[in-house]
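Just below is one structure, and these are the notes that go with it.
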Number of protein chains: 2
Amino acid sequence: MLSKKAKYGLKALIYLAKESEERPLPVSQIAESQKISVKFLEAILNDLRTGGILKSKKGKMGGYQLNVKASEIKMSDIMRLLDGPIALLPCVSLNFYDTCEECLDENNCSIRKVALQVRDATLEILGAATLEELVKNEK
Amino acid sequence: MLSKKAKYGLKALIYLAKESEERPLPVSQIAESQKISVKFLEAILNDLRTGGILKSKKGKMGGYQLNVKASEIKMSDIMRLLDGPIALLPCVSLNFYDTCEECLDENNCSIRKVALQVRDATLEILGAATLEELVKNEK
DNA sequence: TTTAATCCTATAAATCTTATAGGAGTTAAA
DNA sequence: TTTAACTCCTATAAGATTTATAGGATTAAA
């Protein structure tokens, strides 16, 4: 399940992609429009900045805006930054690979093989779902 | 990510499907073979029994065994029983449907549309991954 | 009657999620 | 040059979930 953090982040990014052409938008405005706690959203947008998806401008008239084109931001990128791994198992994660501590034989694990298929299918869909697409599909 | 509970449950079921023809196996034996805490596994197998996947025999010489054929137990069934919803959002869950509390307009949510695609793709794979298949693919 | 099981309830440690609070630093505008 | 409106950083904490552990009631075979 997506965490609230990820959902809030996604909604905020969709709002940003829709509303902002050039000027940055303050957290307070985004939070109000999406009914999100300002302080919580502040932390989320900061994570997205650290992750390279947003850029910020400090001080009065400052705020956040996209750091790259909406067509280049994948839903999988956003989810990874805010929720961590997408895969069902660490041993099939592309970006957060780790062994399963309780695994007795990784090369020969049938659960792993299924998790690999799920990962590939999921990433294909989440990769096609760019922020641009998400905005388009929001009527 | 799969929880340890789900991983343990899956491993235990694979072991049960492989080892047991007719007689039930005690939790202690399964736990030892898979290096799982006996008490924890006890709770897990009980959940699987309540969910209809396992049946149990009490008392001496008792234990757990499959309640239905391995070919009829899907990985998605097991995951639902032990970890709950498979979908990314409650609003696209088949078995645990609920509205997203923070959602302002469900019918018009582009995140939801993607989550729906992911759900369908995931369930297709997890549905094809029956316990029988999992056992086969364990070399 | 003993032994080996499941099954049930309670408790708890650890970790993760979802925040809240306060203030330091930065910048535009008055 | 002061004020107002921002981001950014750290700390704290409540609540939920995960991952167990403990003890004993109940059941059934030997």
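Scope of the values below: all heavy atoms of this structure, side chains included, with no hydrogens, waters or symmetry mates. Each chain gets a letter, A, B and so on, in the order the sequences are listed, and its residues count up from 1.
- Going from atom CG of A:L82 over to atom C1' of C:dT18 covers 14 Å, rounded to whole Å.
- Shown here are the salt bridge (Lys or Arg N to Asp or Glu O under 4.0 Å) partners of B:R119, two or more places apart in sequence or in another chain: there are none.
- Remark: of the listed residues B:T122, B:L94, B:L126, B:L126 is the sole one forming a side-chain contact (heavy atoms from CB on, under 4.5 Å) with B:S76.
- For C:dG25, its base never sits under 3.5 Å from the side chain of A:K57 at any donor and acceptor pair.
- Taking every nucleotide of DNA chain D with any atom under 4.0 Å from a non-hydrogen atom of chain A, the first and last of them, 5' to 3', are D:dA4 to D:dC9.
- Taking atom NZ of residue A:K7 and atom P of nucleotide C:dT17, one finds them 13 Å apart after rounding to whole Å.
- With sequence neighbours excluded, the residues forming a salt bridge (Lys or Arg N to Asp or Glu O under 4.0 Å) with A:K39 are A:E42, listed by chain and number.
- Judged by closest nucleotide on DNA chain D, A:K60 is the one of A:K60 and A:L45 placed further toward the 5' end.
- Contacts of A:K39 with the nucleic acid, taken as non-hydrogen atoms under 4.0 Å apart, include base atoms.
- Residues satisfying the salt bridge (Lys or Arg N to Asp or Glu O under 4.0 Å) criterion with A:K136, sequence neighbours excluded, are A:E133.
- Mapping A:V38 and B:S28 onto DNA chain C by nearest heavy atom places B:S28 at the nucleotide closer to the 5' end.
- Not counting sequence neighbours, A:E138 has no partner by the salt bridge (Lys or Arg N to Asp or Glu O under 4.0 Å) test.
- Checking the phosphate oxygens (OP1, OP2) of C:dT6, no side-chain nitrogen or oxygen of B:R49 falls inside 4.0 Å.
- Spacing between atom CZ of B:R23 and atom C1' of C:dA5 amounts to 15 Å, rounded to whole angstrom units.
- The nearest whole Å value for the distance from the CD atom in A:E101 to the C1' atom in C:dT15 is 13 Å.
- Atom pair A:M1:CE and C:dT17:P shows a separation of 14 Å (rounding to whole Å applied).
- Rounded to whole Å, atom P of C:dA24 lies 15 Å from atom CD of A:E42.
- Place B:L2 and A:P26 on DNA chain D by their nearest nucleotides, and A:P26 ends up nearer the 5' end.
- Among residues two or more places apart in sequence or in another chain, the side-chain hydrogen bond (donor to acceptor under 3.5 Å, both in side chains) test is passed with A:K7 by B:E102.
- Residues A:K69 and A:E132 are not paired through a salt bridge, judged by the lack of any N-O separation under 4.0 Å between the basic side chain and the carboxylate.
- In this structure, the CD1 atom of B:I30 is 11 Å from the P atom of C:dA5, given to the nearest Å.
- Here the P atom of nucleotide C:dA4 and the CD atom of B:Q29 are 15 Å apart, to the nearest Å.
- Place A:Y8 and A:G59 on DNA chain C by their nearest nucleotides, and A:Y8 ends up nearer the 5' end.
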